[in-house]
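As the structure lists them, so they are numbered: ligands from 1, and atoms in each ligand from 1. Residues take their numbers from the sequence shown, with the count starting at 1. All figures in this text were calculated on a predicted structure; none of them were measured in a lab.
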Amino acid sequence: MKRRSFLKSAATLAAAPALSSLFNTAAQSTPAIATDPVRFPEGFIWGTATAAYQVEGAVHADGRGPSVWDTFSHTPGKTFHNETADVTDDDFHRYKQDVALMKDLGVQGYRFSIAWPRVFPQGTGTPNPKGLDFYKRLLDELHAANIEPFCTLFHWDLPQALQDKGGWTNPAIAHAFADYAAYTVGQLSDRISHWMTINEFGSYIDAGYGEGVSAPGLRLPRAQVMQARHYAVLGHGLAVQAIRAAAKNPVLVGLAHDAPGAMPAINDPAHIRATEIAFREINAQYLTVLMEGRYTDSYLRELGADAPHFTEEELKIISTPLDFVGINIYTTNEVVPADAPSGYLMVPRPASYPHAASRDWLFFNPQATYWTPKLVSSLWGVKRIYITENGYSSDDVLRPGGSSQAGRVLDSDRILYLRNYLAQLQRGIAEGVPVQGYFLWSLLDNYEWSSGFSKRFGITYVDFKTEKRTPKLSYDFYKEVIRTNSVV
Ligand code: GBH
């Protein structure tokens with residue numbers, strides 16, 4: 001032990017509390033034990049994420065038009081207990097309080113989305129300046145709090161008027177989206193430099209037009225869904241170009257995508273190679289075509305007559321180079337090599353696999369934050385990555401009145417999740433994976449789409465009757481992560 005650190009630990013020991021105090025007022029005094037935190041790079045951006053329909057409420061305010069999610073959530077039988085986001089967190093009116101919360105938390109960034117039907121109530125045509133004013137107020141507040149805005153242009157709330165014309169199955173949608181992007185960026189590029197086109201293609205195309213579990217709730221034949229996938233990536237590419245053309249200030253353009261994950265079940269060269277093959281293939285319809293400008297042969301072959309129709313020119317637009325890739329990371333999948341032509345097998349999950357309150361899809365696999373960004377950067381040479389979402393739904397319970405920490409949520413499983421995912425993220429960054437920021441989903445409990453309010457992802461508890469916000473224990477954990485720029 002070097003002399004200086006010896007002196008330091010001797011001093012710590014001298015200040016240590018008597019052991020008995022650990023059991024009563026221990027929290028007030030200095031502990032005997034020091035921990036060795038795992039640090040993140042200087043300038044790393046810590047943030048939180050939300051989306052318009054999930055937090056804003058005020059669905060009729062200032063001329064906002066209806067979206068497919070208003071229609072879907074008001075259709076009986078589509079969402080948990082028929083819940084809608086008519087009010088949800090009422091962030092539209094309470095944004096100052098929510099920005100104050102973020103300021104207290106210490107975040108440097110906030111990822112939010114703009115509701116297309118606030119800006120263009122009919123999807124196209126005459127813009128509604130009053131709709132944009134809400135975002136100007138929010139941006140002023142963020143600016144005053146020194147929080148950098150990261151803006152998503154489309155987080156699933158398609159104007160209903162466009163759905164009435166076929167929505168994402170109509171080729172005109174790609175141009176309508178680019179026009180909306182151009183107008184909005186023209187209005188706000190003096191206040192926003194980080195732009196994301198679209199959030200999670202699969203969650204509104206496959207789930208909305210194929211499985212019918214998300215708005216607009218359709219179950220179309222496979223060929224139409226495959227074509228809608230193509231118009232979605234085309235809309236993204238056209239929007240990237242439109243954003244750059246419309247911006248009055250320098251901007252960074254990307255997207256926020258939940259790339260299906262892959263990781264080697266065992267860390268040897270054969271498993272890693274199988275993982276590389278798997279990751280490109282399971283992302284063929286979205287991220288791979290964005291990065292490579294072509295659909296993989298096996299994707300087209302497997303779809304046969306249902307494969308999308310496209311032109312070379314469209315592939316060029318779709319693969320317009322990005323300034324960053326945003327990845328929403330919740331889980332991943334183990335891969336083993338296979339003696340099948342594909343070369344890989346995605347391991348089916350044993351029923352006992354650890355999971356969140358979102359039992360059907362949110363599996364505990366911390367290595368996701370190591371492997372997914374590593375694959376994106378090494379396969380495609382991406383130089384700037386943000387984790388645009390990462391978070392956990394917990395069976396949160398409020399502490400009963402009269403108990404210690406009454407009225408709070410001690411969400412130790414969310415902390416377990418975050419601590420491990422952040423440690424794996426740090427591991428990748430230490431190896432040179434260029435992740436420059438992390439946005440925790442979510443600042444607040446909010447409307448979890450077809451699960452309504454039954455799933456809570458917030459680090460702040462929201463009582464949806466009173467709109468009271470109460471930070472959970474995980475909020476304190478994240479605050480300490482940010483304060484120390486390390487996994488604590
Ligand atoms: C994100 O979606 C969203 O961007 C955000 O709005 C949402 O609130 C948050 O995460 C939490 O859910 O076919 O059974 O594997 C999450 C991603 C949810 C996408 C589940 C894929 C797959 C279900 N998804 N879904 S399954």
Side-chain angles (χ1 to χ4, degrees), residues 47-56 67-69 72-73 79-80 83 85 88-89 91 111-115 150-158 196-215 219 225 229 232 254-262 282-283 285-287 326-333 346-349 351 353 355-365 368-369 372 386-394 396 414 417-418 421 438-460 462:
T48 58
T50 64
Y53 187 65
Q54 294 178 275
V55 300
E56 286 178 2
S67 82
V68 292
W69 266 97
F72 185 78
S73 65
T79 67
F80 178 83
E83 288 168 343
T88 181
D89 291 309
D91 169 74
R111 174 174 174 242
F112 67 101
S113 81
I114 289 183
F150 283 66
C151 179
T152 316
L153 283 160
F154 182 68
H155 200 125
W156 314 348
D157 42 3
L158 183 72
M196 284 151 285
T197 54
I198 287 176
N199 183 71
E200 298 189 355
F201 297 109
S203 299
Y204 68 96
I205 299 288
D206 301 63
Y209 293 84
E211 298 145 38
V213 295
S214 281
R219 287 164 167 270
V225 183
R229 285 178 167 181
L255 81 167
H257 183 55
D258 63 329
I282 62 178
N283 283 286
Q285 66 276 37
Y286 299 125
L287 200 52
I327 341 172
N328 297 350
I329 300 183
Y330 288 88
T331 189
T332 186
N333 303 282
M346 309 297 292
V347 180
R349 277 182 215 281
Y353 210 100
H355 54 71
S358 304
R359 290 178 166 69
D360 52 337
W361 67 273
L362 212 180
F363 296 97
F364 181 72
N365 199 330
T369 44
T372 305
Y386 293 108
I387 308 303
T388 36
E389 287 180 29
N390 174 236
Y392 180 87
S393 57
S394 169
D396 291 332
R414 182 173 284 107
Y417 178 99
L418 294 172
Y421 276 64
Y438 170 93
F439 296 81
L440 197 157
W441 185 276
S442 179
L443 174 67
L444 305 168
D445 290 338
N446 59 48
Y447 182 75
E448 177 59 7
W449 307 108
S450 60
S451 298
F453 299 104
S454 69
K455 298 288 177 276
R456 293 179 177 270
F457 277 84
I459 52 172
T460 307
V462 178

Within the 4.0 Å heavy-atom sphere of ligand 1, strictly under, residues: Q54, H155, W156, N199, E200, S203, D258, N328, Y330, D360, W361, E389, W441, E448, W449, F457
Test ring-ring contact (aromatic ring centres under 6.0 Å, His included) applied to Y330 - qualifying residues, sequence neighbours left out: W361
Passing option when Y204 is tested against Y286, F72, F154, W449 for ring-ring contact (aromatic ring centres under 6.0 Å, His included): F154
Set of residues satisfying side-chain hydrogen bond (donor to acceptor under 3.5 Å, both in side chains) with respect to W156, sequence neighbours excluded: none
Side-chain H-bond candidate by donor/acceptor type, N199 with R111, under 3.5 Å: yes
Partners passing side-chain hydrogen bond (donor to acceptor under 3.5 Å, both in side chains) against S67 (at least two apart in sequence or in another chain): D70
Evaluation steps, side chain to side chain contact (heavy atoms under 4.5 Å, CB included), between E56 and T50: CA-CA 9 Å; E56 286 178 2; T50 64; over 6 Å; no
